[in-house]
Amino acid sequence: MSELDERKRKILKAIIKTYLETGEPVGSRTISKDTDLNLSSATIRNEMSDLEEMGYIIQPHTSAGRIPSDAGYRLYVDELMEEKQQEVAQIQEMMIEKTDRMEKVLKQVVRILASNTNYATMITGPNYHHNKLKFIQLSKVNEEQILAVIVAEGNLVKNQIIGLTEAIDDERILKLNLLLNTQLNGLTIEEINLGLIKKLKEQAGVHSSVVSEVLDAVAKVIEVDDEEVPVYTSGATNIFKYPELADSSKASELISALEDKKELVEMIKDTVSDEENTGIQVYIGSESPIQTMKDCSVVTASYDLGDGMKGTIGIIGPKRMDYENVVDNLKTLKVQLDSIFKKT
C-alpha cells in the first residue's frame, strides 16, 4: 500500500475488515462509526471515490456501499503477511537472544547456590504453563498447502504446514484468520472447549479440516513439553563431604540421578503443576519422588515470573542438612530470580 497515503490505507483496511465480517457492501457512515479516523462521512466518501478510481474497491450495484477488489485484497494480504512475518522474525530473534542470556544466568545461579550451601543443587529454566494464545497467521504456500504460524504467550512460536482438501482463495484465508483470531486469542488450551471447536468448524464450512489442524498445532505450542525443560545442576561432588552419603554405591546412585534430567523433571513436575504452590517443599528420605534419593532430603521451591512462566530450584543434601540456611537461600533466590529475569 506504499502508493496510498495513511488515511486511504486506514480506510481501505477498515472497508476490507468490515466486509469480511459482514459480507455486505460497506458505506461511508459505517466506516466513520467503526474506525478511529475522526473523519466525516463526506470526507470518507471522497476518499472512497479515490480508492475506487485507483482500483482498490468496487461498487457492486447502485447502492453507496463498496467491496474490496482483487487488487485491494492483494494489497491488504501482502501488507498483513509482511507485518506478521516481521513480528514473528523479531519474536524468534528476541527469544534466541533471551534464552542464551537466561542459560548463562541459570548456570551461574546454580553454581553459587551449591557453593553457599555445600549441597548438590539444580534449577530449571522458566517454562510456560497454561499459555494463552496470542495470534494465528494463516498464509497460502501453494494451491495444496497453507502455513499456520501460531504465537503463544511468552512468544512461543510454532509453524505448521496444513494440507488442503479444497481449494482456498485469499478472501477465504482472510476470513479464517479473522475467525480464528477473534474466537481464540487470549484463551488457554483448557478454555478451547468442544463447544467452541464445533462452532469454529461450522463457521469454517468446507475448510473445517483446516480449523482442526490449526487447533492441533495450537495445543502443541501451548502444552508444556517435559523434554524441552532445561535443567542445570551443580555441586554433585559435595555429596562426598557427608559420610552417610559418601558410600560408593550411594554416591554413584545420587550422581546418576543428578545427571538424569528426565528423572529430575519428573521430580519437579509436582512442584510446578500445583498453581497455588509457589512456596518451599521439603522431602525427607522416603518422601522423595526419586527412589535413589531416599537417604537424602530434597528441598524445592518454584519461582513464578508471571504470565504463566515458572521454574523450580532444588537442593539435595543429607537428612541432617542445615534446613534454616537452605530455606533462607531459596527465599532469597526466589526474589533475585524475579529481578534477574525481568532484566534479561
Side-chain angles (χ1 to χ4, degrees), residues 103 106-130 223-305 308-338:
E103 183 176 344
L106 289 170
K107 286 180 177 178
Q108 183 180 9
V109 164
V110 79
R111 283 195 299 269
I112 292 171
L113 188 59
S115 176
N116 287 349
T117 61
N118 278 318
Y119 303 129
T121 58
M122 55 154 285
I123 190 168
T124 70
N127 210 299
Y128 297 87
H129 299 260
H130 302 288
E223 286 173 349
V224 177
D225 186 348
D226 293 337
E227 293 181 3
E228 294 180 0
V229 177
V231 182
Y232 308 98
T233 59
S234 185
T237 55
N238 284 340
I239 290 168
F240 295 105
K241 296 179 181 179
Y242 306 97
E244 63 268 45
L245 300 178
D247 173 85
S248 59
S249 61
K250 288 182 180 179
S252 176
E253 286 181 344
L254 279 172
I255 290 173
S256 294
L258 286 166
E259 291 175 349
D260 188 340
K261 299 296 190 285
K262 187 174 180 180
E263 259 200 315
L264 291 178
V265 169
E266 284 296 319
M267 181 183 76
I268 65 174
K269 273 173 69 176
D270 291 338
T271 306
V272 178
S273 62
D274 183 353
E275 289 187 18
E276 296 180 357
N277 175 26
T278 55
I280 293 173
Q281 299 288 304
V282 180
Y283 304 95
I284 300 173
S286 58
E287 295 174 352
S288 172
I290 298 179
Q291 182 61 24
T292 50
M293 293 184 181
K294 64 182 181 301
D295 294 316
C296 305
S297 280
V298 180
V299 185
T300 64
S302 63
Y303 61 90
D304 189 345
L305 307 183
M309 190 163 69
K310 299 178 182 180
T312 298
I313 320 154
I315 297 177
I316 302 101
K319 295 177 187 177
R320 60 185 176 92
M321 69 163 52
D322 185 344
Y323 292 99
E324 184 176 357
N325 180 46
V326 166
V327 170
D328 285 345
N329 270 277
L330 286 176
K331 283 182 177 178
T332 301
L333 191 55
K334 278 164 59 72
V335 175
Q336 290 175 338
L337 282 172
D338 186 28

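Note that the numbering runs from 1 along the sequence shown for the chain. From a predicted model like this one, the values you see are computed outputs, not experimental measurements.
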Is there a donor-acceptor pair under 3.5 Å between the side chain of Thr121 and the backbone N or O of Val110?
yes

Treating Ser115 as the side-chain partner and Arg111 as the backbone partner, does any N or O pair qualify as donor plus acceptor under 3.5 Å?
no

Does Lys331, at its NZ atom, have more than 12 non-hydrogen atoms belonging to other residues, nucleotides or ligands within less than 6.0 Å?
no

Which is it for Ile239 and Leu258 under the side-chain contact (heavy atoms from CB on, under 4.5 Å) test, yes or no, and what are the steps along the way?
CA-CA 11 Å; Ile239 290 168; Leu258 286 166; 4.1 Å; yes

Return the [atom1] to [atom2] distance between [X] and [Y], rounded to the nearest 0.5 Å.
| X | Y | atom1 | atom2 | value |
| --- | --- | --- | --- | --- |
| Gln108 | Leu113 | CD | CG | 12.5 Å |
| Leu330 | Tyr323 | CG | OH | 13.0 Å |
| Ile123 | Thr300 | CD1 | OG1 | 12.0 Å |
| Ile255 | Thr292 | CD1 | OG1 | 11.5 Å |
| Cys296 | Tyr242 | SG | OH | 11.0 Å |
| Asn118 | Asn325 | CG | CG | 9.0 Å |

Minimum heavy-atom distance between [X] and [Y], given as atom pair plus value:
| X | Y | result |
| --- | --- | --- |
| Ala236 | Ala120 | CA-CB, 4.3 Å |
| Ala301 | Ile280 | CB-CG1, 3.8 Å |
| Gly317 | Met321 | N-CE, 3.5 Å |

Let me see the working for Glu244 and Lys319 under side-chain contact (heavy atoms from CB on, under 4.5 Å), right down to the final yes or no.
CA-CA 9 Å; Glu244 63 268 45; Lys319 295 177 187 177; over 6 Å; no

Given Asp322 and Tyr119, is the side-chain contact (heavy atoms from CB on, under 4.5 Å) satisfied, shown in steps?
CA-CA 10 Å; Asp322 185 344; Tyr119 303 129; 3.9 Å; yes

